[in-house]
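By convention here, the first residue in the shown sequence is residue 1.
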Amino acid sequence: QVQLVESGGGLVQAGDSLRLSCAASGLTSGSYAMGWYRQAPGKEREFVAATLVNGGNTYYADSVKGRFTISRDNAKNAVYLQMNSLKPEDTSIYYCAADLLVHRIQLSPRYWGQGTQVTVSS
């Protein structure tokens with residue numbers, strides 16, 4: 001069974017940094033594209049960042065480019081999201097996602113974590 005568990009969320013002030021972690025189980029190391037999505041109150045879930053199979057190319061939403069960095073450690077079956085220069089509009093529940101199909105990671109990943117709350121105060 002595939003399970004994704006996020007951690008690292010919290011309450012921070014604008015300009016601060018956070019590093020989110022996602023521990024995956026039931027996945028073949030390096031065989032899944034992995035990424036992060038977020039959902040703010042009253043808004044639809046949106047794509048944030050993704051890294052392809054074996055830590056290949058990375059992709060970012062325009063809203064986080066230059067501030068967030070996604071990385072993965074296939075040996076640990078983990079993916080991370082380093083978030084710098086956080087803004088109040090980054091406040092969301094952040095979800096880890098994974099999919100065997102590369103083209104779906106930025107659209108509708110098959111596997112999801114339960115989410116971790118990130119709150120950025122002004």
What are the two closest heavy atoms between Leu27 and Ala98, and how far apart are they?
CD1-CB, 4.4 Å
Between OG of Ser92 and CD of Gln117, what distance do you get to the nearest 0.5 Å?
7.5 Å
Between Ala78 and Tyr80, what is the shortest heavy-atom contact and its length?
CB-OH, 3.5 Å
Which atom of Ser122 lies closest to which atom of Ala14, heavy atoms considered:
CA-CB, 4.4 Å
Check this for me: Arg110, atom CZ, are more than 12 non-hydrogen atoms of other residues, nucleotides or ligands nearer than 6.0 Å?
no
Shortest non-hydrogen contact from Val120 to Lys87?
CB-O, 3.3 Å
Verdict with supporting geometry, Arg38 and Val64, side-chain contact (heavy atoms from CB on, under 4.5 Å)
CA-CA 12 Å; Arg38 67 186 183 185; Val64 306; 4.0 Å; yes
From OG (Ser108) to CG (Asp99), nearest 0.5 Å:
7.0 Å
Are Ile70 and Met34 connected into the same hydrophobic cluster when the rule is that any two of I, L, V, M, F, W, Y join if their side-chain heavy atoms are below 4.5 Å apart?
yes
Are any non-hydrogen side-chain atoms of Trp36 and Glu6 less than 4.5 angstrom apart?
yes
Are Met83 and Arg67 side-chain neighbours, meaning at least one heavy-atom pair lies under 4.5 Å?
no
Working note: Asp62 + Lys65, criterion salt bridge (charged side-chain N to carboxylate O under 4.0 Å, His left out); need CA distance, chi angles, decisive distance, verdict.
CA-CA 5 Å; Asp62 288 341; Lys65 284 182 179 178; 3.1 Å; yes
In a check of side-chain contact (heavy atoms from CB on, under 4.5 Å) between Cys22 and each of Leu4, Thr116, Val5, which one passes?
Leu4
Contact summary for Gly8 and Leu18, nearest pair of heavy atoms
O-CD2, 3.7 Å
Determine whether Ser21 and Arg19 make a side-chain contact, defined as any pair of heavy atoms from C-beta on separated by less than 4.5 Å.
yes
Taking the side chain as C-beta and beyond, is there a heavy-atom pair between Phe47 and Leu107 under 4.5 Å?
no
Can you list the steps and then say if Val48 with Tyr95 is a side-chain contact (heavy atoms from CB on, under 4.5 Å)?
CA-CA 9 Å; Val48 175; Tyr95 298 90; over 6 Å; no
With side chains defined as the heavy atoms from C-beta onward, is the minimum distance between Phe68 and Asp90 less than 4.5 Å?
yes
If Ile, Leu, Val, Met, Phe, Trp and Tyr residues are connected whenever their side-chain heavy atoms lie under 4.5 Å apart, and connections chain through other members, are Trp112 and Val102 in the same group?
yes
Heavy-atom nearest pair, Thr91 first then Ala40, reads O-CB, 3.5 Å
